[in-house]
Trainee: 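I have a structure I would like to understand better, so I am pasting it below and will then ask my questions one at a time.
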Amino acid sequence: MHLKSNQGDPVLADPMNNSRLGLYDALLPYSSGAVLSPGLFLTVTWKKPSAHSEVLSTSWLDAMQSSSPTHRKLTFDSGIDISSNDVAVAYGNWMLKYPSALTSFDHIINNAKGKRIALFLDYDGTLSPIVDNPDHAFMSDAMRAAVKNVAKDIPTAIISGRSRVKVHEFVGLRELYYAGSHGMDIMGPARPADNHTDAIISGKEGEEGNLFQPASEFLPMINQVFTSLVEITKDIKGAKVENNKFCVSVHYRNVDEKSWPTIAQYVHDILKQYPRLRLTHGRKVQNLGFSCGIYVLLSFELMVKAHGDDQVLEVRPVLKWDKGKAVEFLLESLGLGDCDDVVPIYVGDDRTDEDAFKLLREGGRGFGILVSSAPKESSAFYSLRDPSEVMEFLKLLGDDHNKWR
Ligand SMILES: O=P(O)(O)OC[C@H]1O[C@H](O[C@H]2O[C@H](CO)[C@@H](O)[C@H](O)[C@H]2O)[C@H](O)[C@@H](O)[C@@H]1O
């Protein structure tokens with residue numbers, strides 16, 4: 001099988017293994033040594049180092065405070081503030097642009113008639129509700145059953161910012177594909193008839209499959225940064241640093257707002273030493289961000305805004321690899337890459353999911369569904385309010401499968 005992405009990214013080769021839907025086609029084994037072209041790395045530009053005071057500037061603090069529950073107002077990109085009484089109206093108007101995937105279900109199904117669906121699901125905020133403790137973001141048994149049911153007939157992958165092993169533990173279904181670290185760690189299920197010669201044990205007992213890890217060379221660096229961040233934030237009450245294997249999350253959700261500037265300063269100071277790492281940021285700040293270890297003030301402000309809902313700062317390699325690339329990769333490896341009769345559906349709630357929404361929108365195939373209870377600009381086509389609506393959608397999809405097939 002040849003896997004080729006659009007932008008001169010890795011060209012990967014693996015023997016074709018046919019199955020009913022191409023579901024078990026092998027992903028590139030990690031051990032076979034995927035080679036990354038230079039095009040896979042993001043170009044960084046030199047910028048003057050920002051001073052300590054810049055990170056602590058008033059406008060930067062304003063940006064953080066706008067994400068805090070105590071100060072939150074609904075603010076559109078235009079900068080117009082809307083009082084909480086107008087939220088329902090604003091949401092209704094927003095849904096004219098992003099209709100509910102539940103009320104549009106018949107329309108969705110009619111478009112998929114006679115075609116094959118491939119399903120991609122984000123985890124946090126999509127399959128599990130957002131909770132204060134990231135270690136307690138469990139999905140319900142009912143949600144698990146809905147995912148299991150849908151995956152019986154539809155190739156289904158989980159694509160998360162978490163480590164692959166962790167998200168697999170949370171979901172607990174062997175029949176899915178898992179992509180962790182925002183797609184930088186992908187594993188397909190081992191085939192039942194596999195002789196396991198090219199299978200890799202992923203670290204979790206009993207879990208086997210074929211791995212693709214385009215950022216493997218960054219592992220030592222990520223581990224160093226994780227250790228440094230744990231050490232430097234250990235006295236900040238409520239701060240939590242999470243090792244997501246190829247990226248690191250610094251959570252400030254449970255930190256007193258007075259200490260947010262300190263956290264940001266610490267992250268900033270550590271990243272100065274790692275020009276090959278960057279903070280994940282939203283669409284608006286693409287190409288503005290990390291420059292040889294230094295954030296310019298503007299990008300830092302916008303980055304914090306972009307992560308307002310999640311209250312997390314994410315450190316990751318300077319690599320052109322994201323959830324969109326992971327979808328592309330998985331479609332190819334499923335044998336569904338260049339098929340006109342395939343409808344990929346991606347359901348997700350955060351900024352990092354936008355890369356996947358964009359891929360589908362720009363490719364004119366399938367569509368994204370944004371999970372959000374507040375109006376947000378998105379490249380998705382449809383919306384769902386929260387994980388409970390996601391579950392309803394999955395139930396419809398699983399139950400109606402025979403009708404539209
Ligand atoms: O791509 P995802 O599956 O959506 O993962 C993104 C991040 O999700 C987790 O953090 C978020 O959810 C936590 C649990 O509800 C919440 O406490 C936190 O504030 C959110 O940011 C996860 O902990 C991160 O590592 C992921 O990157």
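For ligands, and for the atoms within them, numbers begin at 1 and follow the listed sequence.
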Trainee: Quick test of your reading of the structure: of Arg253, Glu242, Glu314, His251, whose heavy atom lies closest to atom 25 (O) of ligand 1?
Mentor: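 Shortest heavy-atom distance from atom 25 (O) of ligand 1: Glu242.
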Trainee: Please work out, at 4.0 Å between heavy atoms, whether the side chain, the backbone, both, or neither of Val167 comes within that distance of ligand 1.
Mentor: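 Neither part.
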Trainee: Going by the atom numbers of ligand 1, which of them fall below 4.0 Å from some non-hydrogen atom of Asp132?
Mentor: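 The atoms of ligand 1 under 4.0 Å from a heavy atom of Asp132 are 17 (O).
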Trainee: With only distance considered, is Asn133 within less than 3.5 Å of ligand 1 through an N or O on each side?
Mentor: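 There is no such contact.
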Trainee: Going from OH on Tyr252 to OG1 on Thr262, what distance comes out if it is rounded to the nearest 0.5 angstrom?
Mentor: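 Here the rounded value is 13.5 Å.
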Trainee: Here's one to test your reading of the geometry: is the NZ or CZ of Arg164 within 45 degrees of the ring axis of Phe246 and under 6.0 Å from its centre?
Mentor: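 The answer is no, since Arg164 fails at least one limit relative to Phe246.
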Trainee: What I want to know is whether Lys323 and ligand 1 share at least one N or O pair that is separated by under 3.5 angstrom.
Mentor: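 Yes, there is a polar N/O contact under 3.5 Å.
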Trainee: Check each atom of ligand 1 against the heavy atoms of Ala137 and keep those under 4.0 Å away; list them by number with element.
Mentor: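 In order of numbering, the contacting atoms are 14 (C), 15 (O).
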Trainee: Enumerate the atoms of ligand 1 whose separation from the nearest heavy atom of Asn244 is less than 4.0 angstrom.
Mentor: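 Near Asn244, meaning under 4.0 Å from one of its heavy atoms, ligand 1 has 25 (O), 27 (O).
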Trainee: Ligand 1 versus Asp350, non-hydrogen atoms closer than 4.0 Å: side chain, backbone, both, neither?
Mentor: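 The part of Asp350 near ligand 1 is the side chain, not the backbone.
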Trainee: Just heavy atoms, cut-off under 4.0 Å: does His136 contact ligand 1 by side chain, backbone, both, or neither?
Mentor: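 Looking at His136 and ligand 1, no heavy atom falls under 4.0 Å.
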Trainee: Would you kindly specify which portion of Ser160 sits under 4.0 Å from ligand 1, judged on non-hydrogen atoms: side chain, backbone, both or neither?
Mentor: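 Ser160 to ligand 1: contacts from backbone and side chain alike.
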Trainee: In ligand 1, which numbered atoms sit nearer than 4.0 Å to a non-hydrogen atom of Pro134?
Mentor: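 Close to Pro134: 14 (C), 17 (O), 23 (O).
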Trainee: Identify each donor-acceptor pair in which a side-chain atom of residues 335-349 lies under 3.5 Å from a protein atom, sequence neighbours left out, and give them as a table.
Mentor:
unit_1	atom_1	unit_2	atom_2	d
Asp341	OD1	Arg116	NH2	3.1
Asp341	OD2	Arg116	NE	3.4
Tyr346	OH	Asp353	OD1	2.7

Trainee: Which ligand 1 atoms, with their elements, are less than 4.0 angstrom from a heavy-atom of Arg162?
Mentor: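 Selected atoms, number and element: 9 (C), 14 (C), 22 (C), 23 (O).
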Trainee: For a quick test of reading the model, state the closest non-hydrogen atom pair linking Glu354 to Ser379 and the distance between them.
Mentor: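 Distance-wise, the nearest heavy atoms are OE1-N, 2.8 Å.
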Trainee: Counting only heavy atoms closer than 4.0 Å, does ligand 1 sit against the backbone of Pro129, its side chain, both, or neither?
Mentor: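 Looking at Pro129 and ligand 1, just backbone atoms fall under 4.0 Å.
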Trainee: Taking the six-membered ring for Trp, are Phe329 and Phe212 parallel (under 30°), tilted (30 to 60°) or perpendicular (over 60°)?
Mentor: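 If you compare the ring of Phe329 with that of Phe212, the planes turn out parallel.
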Trainee: In this structure, is the centre-to-centre distance between the rings of Tyr382 and Phe367 below 6.0 Å?
Mentor: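 Yes.
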Trainee: Heavy-atom contacts under 4.0 Å between Val312 and ligand 1: side chain, backbone, both, or neither?
Mentor: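 Looking at Val312 and ligand 1, just side chain atoms fall under 4.0 Å.
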Trainee: Under the side-chain hydrogen bond (donor to acceptor under 3.5 Å, both in side chains) rule, collect the residues that match up with Lys258, sequence neighbours excluded.
Mentor: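 Not a single residue meets the side-chain hydrogen bond (donor to acceptor under 3.5 Å, both in side chains) criterion with Lys258.
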Trainee: If we only count heavy atoms from C-beta on, is the Lys245 to Ile222 side-chain gap below 4.5 Å?
Mentor: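 The answer is no, as the side chains (C-beta and beyond) never meet within the 4.5 Å cut-off.
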Trainee: Ring centroid separation for Phe138 and Phe170, is it under 6.0 angstrom?
Mentor: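 They qualify: ring centres under 6.0 Å apart.
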Trainee: Which ligand 1 atoms are under 4.0 Å away from a heavy-atom of Tyr123?
Mentor: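 The atoms of ligand 1 under 4.0 Å from a heavy atom of Tyr123 are 3 (O).
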Trainee: May I ask you to say whether Glu217 pairs ionically with Arg276, meaning some side-chain N is under 4.0 Å from a carboxylate O?
Mentor: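 Yes, charged N to carboxylate O under 4.0 Å.
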Trainee: Using distance alone, decide if ligand 1 has a nitrogen or oxygen within less than 3.5 Å of any nitrogen or oxygen in Ile159.
Mentor: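 Between Ile159 and ligand 1 (N or O atoms, distance only) the closest approach is not under 3.5 Å.
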Trainee: Which of the numbered atoms in ligand 1 are under 4.0 angstrom from any heavy atom belonging to Ser249?
Mentor: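 Answer, ordered by atom number: 24 (C), 25 (O), 27 (O).
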Trainee: When you check the gap from the basic side-chain N to the acidic O, do Asp141 and Arg144 get nearer than 4.0 Å?
Mentor: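 Arg144 and Asp141: salt-bridged.
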